[in-house]
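Here is the structure we will look at.
Here the structure is a predicted model, which means the values were calculated and not measured.
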Amino acid sequence: MSQDSASNKNNNTGKLFFILSICGMIYWFFGQVFDVYHFALVGAGYELVWLPMLAILFVLPVWAFVFWVKERLMIRSFFLYSICICITTILLMLIKK
């Protein structure tokens, strides 16, 4: 029974990582497509969330990789998809500049 609890916890953690990586991708896409500084309130909110989103894109893939290895490198893992989304977002950020 403890193994079911551990796999459920990993599943919830995987979903959380996946959602955070999608939020990071949307954040950077939003900043590239729209003029976030057109309105002062939107620009201030964008600046406040900048550092946590940067940490999500660079730290989250490392944690996801550790959890993915603990999950025995399953292909249908949310951790793998989270890593792919973060790496794609980083590459798009570098190519866009």
Side-chain angles (χ1 to χ4, degrees):
M1 181 158 316
S2 65
Q3 189 176 15
D4 291 336
S5 175
S7 77
N8 190 21
K9 184 178 178 186
N10 271 352
N11 193 18
N12 289 339
T13 306
K15 287 179 184 177
L16 176 66
F17 278 34
F18 183 71
I19 290 170
L20 285 174
S21 61
I22 288 178
C23 288
M25 178 185 64
I26 290 170
Y27 174 82
W28 289 107
F29 178 75
F30 183 77
Q32 293 294 320
V33 172
F34 300 107
D35 181 20
V36 293
Y37 299 109
H38 183 72
F39 297 106
L41 188 62
V42 176
Y46 187 82
E47 288 290 327
L48 285 173
V49 182
W50 178 79
L51 190 58
M53 287 298 164
L54 190 65
I56 283 175
L57 283 181
F58 288 101
V59 175
L60 191 72
V62 175
W63 283 350
F65 182 75
V66 170
F67 282 110
W68 186 47
V69 169
K70 286 183 181 179
E71 226 177 39
R72 295 193 174 110
L73 305 175
M74 290 177 37
I75 299 296
R76 295 185 59 167
S77 172
F78 281 110
F79 297 117
L80 174 62
Y81 299 137
S82 176
I83 293 168
C84 291
I85 289 171
C86 288
I87 289 174
T88 303
T89 305
I90 291 169
L91 290 175
L92 288 175
M93 286 171 43
L94 293 174
I95 292 171
K96 184 77 172 169
K97 288 286 178 178

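Partners of Phe58 under the ring pair (Phe, Tyr, Trp, His ring centres under 6.0 Å) rule, at least two apart in sequence or in another chain, do not exist in this structure. The side-chain contact (heavy atoms from CB on, under 4.5 Å) test applied to Lys70 returns Val66, not counting sequence neighbours. The side-chain contact (heavy atoms from CB on, under 4.5 Å) check on Val69 picks up Phe65, Leu73, with sequence neighbours excluded. With sequence neighbours excluded, the residues forming a ring pair (Phe, Tyr, Trp, His ring centres under 6.0 Å) with Phe79 are Phe17, Phe67, listed by chain and number.
Members clustered with Ile26: Phe18, Ile22, Met25, Phe78, Tyr81, Ile85, by chain and number, using a 4.5 Å side-chain heavy-atom cutoff among hydrophobic residues.
Hydrophobic clustering (ILVMFWY, side-chain heavy atoms < 4.5 Å, transitive): Met93 and Val62 are in distinct clusters. Residues Leu80 and Ile19 do not share a hydrophobic cluster, clusters being chains of Ile/Leu/Val/Met/Phe/Trp/Tyr side chains in contact below 4.5 Å. Hydrophobic clustering (ILVMFWY, side-chain heavy atoms < 4.5 Å, transitive): Leu91 and Trp28 are in one cluster.
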What donor-acceptor contacts under 3.5 angstrom involve side-chain atoms of residues 44-53, with partners at least two apart or in another chain?
| residue | atom | partner | partner atom | Å |
| --- | --- | --- | --- | --- |
| Glu47 | OE2 | Tyr37 | OH | 2.2 |

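The minimum heavy-atom distance between Leu57 and Thr89, with the atom names listed, is CD1-CG2, 3.8 Å. Nearest approach of Ile56 to Cys86, heavy atoms of both residues: O-SG, 4.2 Å.
Taken to the nearest 0.5 Å, the CG atom of Leu20 stands 4.5 Å off from the CG atom of Leu16.
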